[in-house]
Number of protein chains: 4
Amino acid sequence: MVRKNEFITVAEELFLETGFENTSIDDIVKRMDVAKGLFYHYFDTKEDLLTAIVERLLDEIKSSIELAMEKKGLTAIERFKELTPSNSGISDRSKMIVSLFHKERNQAFHHLVEERASEFLIPAVERIIRQGVDEGIFQTKYPRETAIAWMTMLGSVGKSAPNEPTPEQLLQMNAARLELSERMLGAKPGTLDELLRRPFSGVSDKACQR
Amino acid sequence: MVRKNEFITVAEELFLETGFENTSIDDIVKRMDVAKGLFYHYFDTKEDLLTAIVERLLDEIKSSIELAMEKKGLTAIERFKELTPSNSGISDRSKMIVSLFHKERNQAFHHLVEERASEFLIPAVERIIRQGVDEGIFQTKYPRETAIAWMTMLGSVGKSAPNEPTPEQLLQMNAARLELSERMLGAKPGTLDELLRRPFSGVSDKACQR
Amino acid sequence: MVRKNEFITVAEELFLETGFENTSIDDIVKRMDVAKGLFYHYFDTKEDLLTAIVERLLDEIKSSIELAMEKKGLTAIERFKELTPSNSGISDRSKMIVSLFHKERNQAFHHLVEERASEFLIPAVERIIRQGVDEGIFQTKYPRETAIAWMTMLGSVGKSAPNEPTPEQLLQMNAARLELSERMLGAKPGTLDELLRRPFSGVSDKACQR
Amino acid sequence: MVRKNEFITVAEELFLETGFENTSIDDIVKRMDVAKGLFYHYFDTKEDLLTAIVERLLDEIKSSIELAMEKKGLTAIERFKELTPSNSGISDRSKMIVSLFHKERNQAFHHLVEERASEFLIPAVERIIRQGVDEGIFQTKYPRETAIAWMTMLGSVGKSAPNEPTPEQLLQMNAARLELSERMLGAKPGTLDELLRRPFSGVSDKACQR
DNA sequence: GATGAATGAGAATTCATTCAT
DNA sequence: TATGAATGAATTCTCATTCAT
């Protein structure tokens, strides 16, 4: 089981680096320094491995989301902060899920994850938006659509800057994200200040550049 | 030249259907019913073909964008309508470029197009936003970031509905797009009504479903 | 390792028979009756195989030359005899190296071997010539040039006779080789009698005919 | 006919540069800037072209050799000088024949030429050696074998020096060639001085280096 | 659990050659 | 003479997968 997980970990790295199609079983076993046969001891096909990666990733996201959503007595803003990777117990690796949302590097992987992750993340965001509407800090008639559009926006803004953005450009980008977030969620200016001070940044900016 | 274009057309179809990596030269020549050698009469490598596809696509987009941007005396809203595929003379095929913006089905293709298309589309959108700000109908301090975030949003909202959306869901989606657009651009409610009545829809919804 | 060596052996045969360019991987695996993939299990490219052949060949030559050169107390003539394939422990296959010296059947192979073999063989011959000069049986001011010219001559003379030489022609050739050798090395007539009685003959004549 | 000859000239260049196998018909027509079809208007196959090159080359050598051999009243030494490319009317291009003798760059070409050139060159050299023996300046019992060995030696000595030989090395090489030549032909020291002062050098040294 | 030899289908690419115009 | 589109077999190389040990 520990060995199987090692395969998943290494393959995840490689798939992310090079893409699913461009990573061969040979690449994987070479990096692990084991024989090729061992791979087929644990997995039936290459596709099978992809599924396993996604499954594990989703489990992590799912449970960390559930953890954040189950906490009692949080405001919508606090709950968002709870969802934010750096605050939540979400593992470092699965932070990448958000970045994957905008990674065009590889088909199969991205496709699968995006499809499945929406099942958890988007509904959670949608629920928090509804909560915020109830609390009166957000205002929108379309929480579902806003959820997905907002998540997407957070990633896309990072693409407006060059690969090596200057500090000023980073500030500008964050300010834009803040303004756009408040507008999309229908929040009063300043409401999201604290949430987006350095919001999703470790993730979205560096990761989304490429 | 006509034959070379046929290659580009057929390959574009196949790459979009199956992805670049999953389409073999054999697939292409089989669909065209020519010998494999003919492919290499016109192209040096498979990569070369991809470049040719993108080049042709970009030419179409570029010229249709230029056409729309050069018209005199248009308001920002009118200019957006001019950019809209259904209104402009842009060919049906190159409408797909917008959808490609959010198509993660295939790396190389998407990557190339996105990178290059941004050179034309995003700056054009940014310019129109600035014009709108000058005209007083839009209001934002971040036209650049808003341009990219807005374009992205238009595509992403389509993912909130299932593959075969009901008429009600389509209406809902459009309404959400309208509200989000007005908010992002800082426009008064109703301002974009006419623009987004059925706007970009042929493109983003069907095309983005996959 | 045994299988890899089998590849080297079979490829060596085929390359010598047909030439490097005219031998396909298919030819090799067909003669070995294995799958094509196995070839690439052991070698990265066809070029890689060529290198391996040459490497193995050179190792054999090198060690057999070193063996001959390290023996103590031999006269120059004795040392030449020691170098002679038929006398030394040099494997049958690598005898061909001398013949390769004049085999123009194929570029890459010949080129590589010639270039690398000179590093060992020519210097050894040069050293022995110098020793012979010291011993007073040879006489030349140009041991280096004589070494290479002599080696070349031994091979080239074989080409003076037709493909299927009569015994008389063989005798004539050997006599010519003897006279020319003694003249080139500056040795008294008869000095090399014993050395060239049947000298290098198995190699140069048959092998050089083609 | 002029066009056909152009093909032969260009192909000869390319075959010498890159080798027969590594030169494609495409390479040839591209350098001539004509259509591929034209090639097949003049030649049946690629092999056919090779034959034509060799034929033309041999015709040139043959006639220039015949010219040199038919002259009346020359001594052996004078006749050798007549054979020497720089002295004889042999065309610049066909000088290369001598160098080809030691060019390992390409199989088929070299093979063909060597085989056929021997028919003319070696017998001519042999005849001159016999004449020299009659004149008493040479002395050998094996004119035939000496002819081929001598021609080969002249080329091989060039390989004793590095690719960019110093003037001293060139002098040394020439001195070695002189000594070896006199010994092989059984000539008194100094006899060949004039002949080999700068003998075959333009050809053998530069050309044989590679 | 673990090894790595072995398979074989299929991919991209090359190239001599044909042929209608 | 001359063009260049078209062919298709051959070639190198890749890689997921199997299997005996």
Side-chain angles (χ1 to χ4, degrees), chain A residues 1-4 6-7 20-30 32-50, chain B residues 1-4 6-7 20-29 32-49, chain C residues 1-4 6-7 20-29 32-49, chain D residues 1-4 6-7 20-30 32-50:
Chain A
M1 206 56 211
V2 47
R3 218 57 201 280
K4 184 168 184 175
E6 199 181 335
F7 270 107
F20 178 73
E21 320 261 2
N22 302 318
T23 303
S24 66
I25 305 296
D26 244 49
D27 294 336
I28 297 168
V29 298
K30 228 172 267 164
M32 285 180 63
D33 202 35
V34 295
K36 194 149 45 175
L38 190 55
F39 174 84
Y40 288 92
H41 184 68
Y42 289 111
F43 303 93
D44 286 338
T45 65
K46 198 187 172 190
E47 213 67 30
D48 200 30
L49 169 61
L50 184 61
Chain B
M1 208 54 212
V2 46
R3 216 62 200 278
K4 184 168 185 177
E6 198 182 336
F7 270 108
F20 178 74
E21 321 258 4
N22 301 318
T23 303
S24 67
I25 306 295
D26 247 44
D27 293 336
I28 296 170
V29 298
M32 286 179 63
D33 202 36
V34 296
K36 193 153 35 175
L38 189 56
F39 173 84
Y40 288 94
H41 184 64
Y42 290 109
F43 302 92
D44 285 339
T45 64
K46 197 185 170 190
E47 211 67 30
D48 201 30
L49 170 60
Chain C
M1 207 55 211
V2 45
R3 216 60 199 278
K4 185 168 185 177
E6 198 182 336
F7 269 108
F20 178 74
E21 321 258 3
N22 301 319
T23 304
S24 68
I25 306 295
D26 248 44
D27 293 337
I28 297 169
V29 297
M32 284 178 65
D33 201 37
V34 295
K36 196 162 20 184
L38 190 56
F39 173 83
Y40 288 95
H41 183 65
Y42 289 109
F43 302 93
D44 285 340
T45 64
K46 197 185 169 189
E47 211 68 29
D48 200 33
L49 170 60
Chain D
M1 205 55 207
V2 46
R3 216 61 201 278
K4 184 167 184 176
E6 200 183 336
F7 269 109
F20 178 73
E21 319 261 1
N22 301 320
T23 303
S24 66
I25 305 296
D26 244 50
D27 293 336
I28 296 168
V29 297
K30 225 170 270 165
M32 285 179 65
D33 203 35
V34 296
K36 194 148 45 172
L38 190 56
F39 174 85
Y40 287 94
H41 183 68
Y42 290 109
F43 304 92
D44 286 339
T45 65
K46 197 185 171 190
E47 214 67 29
D48 200 31
L49 170 61
L50 183 62

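Below, read A as the first sequence line, B as the second, and so on, with proteins coming before strands; counting in each chain starts at 1.
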With B for base contact, S for sugar-phosphate-only contact and - for none (protein heavy atoms under 4.0 Å), nucleotides 7-13 of chain F reads BB--SBB
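Rounded to whole Å, atom C1' of dC15(E) lies 12 Å from atom CD1 of Ile28(D). If you take NZ of Lys30(D) and P of dT14(E), they are 10 Å apart, rounded to a whole angstrom. In this structure, CZ of Phe7(A) is placed 11 Å from C1' of dG1(E), rounded to the nearest angstrom. Protein atom CG of Leu49(A) is 15 Å distant from nucleotide atom C1' of dC15(F), rounded to whole Å.
For the pair Asp27(A) and Asn22(A), the tightest heavy-atom approach, listed with the atom from each and the gap, is OD2-O, 3.8 Å.
Residue Tyr42(A) is in sugar-phosphate contact alone, with no base atom involved, counting any heavy-atom pair closer than 4.0 Å across all strands shown.
Residue Ile28(B) holds its CD1 atom at 11.0 Å from NZ of Lys36(B), rounded to the nearest 0.5 Å.
Contact annotation: the side chain of Leu38(B) never approaches that of Met32(B) to less than 4.5 Å [non-hydrogen atoms, C-beta and beyond].
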| request: Walk me through it: do Val34(A) and Arg3(A) pass the test side-chain contact (heavy atoms from CB on, under 4.5 Å)? | output: CA-CA 10 Å; Val34(A) 295; Arg3(A) 218 57 201 280; 3.0 Å; yes
Apply side-chain contact (heavy atoms from CB on, under 4.5 Å) to Phe20(B) and Lys46(B), showing your working. CA-CA 9 Å; Phe20(B) 178 74; Lys46(B) 197 185 170 190; 3.9 Å; yes
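No side-chain N or O of Thr45(B) forms a donor-acceptor pair with one of Asp48(B) less than 3.5 Å apart.
Relative orientation of the Phe7(A) and Phe39(A) rings is perpendicular, given thresholds of 30° and 60° on the angle between their planes.
With respect to Tyr42(A), the side-chain contact (heavy atoms from CB on, under 4.5 Å) criterion is satisfied by exactly one of Glu6(A), Met1(A), Lys4(A): Lys4(A).
Base pairing in DNA chain F yields stems of at least 3 consecutive Watson-Crick or G-U pairs, both distances under 3.5 Å, namely E:2-21 with F:2-21.
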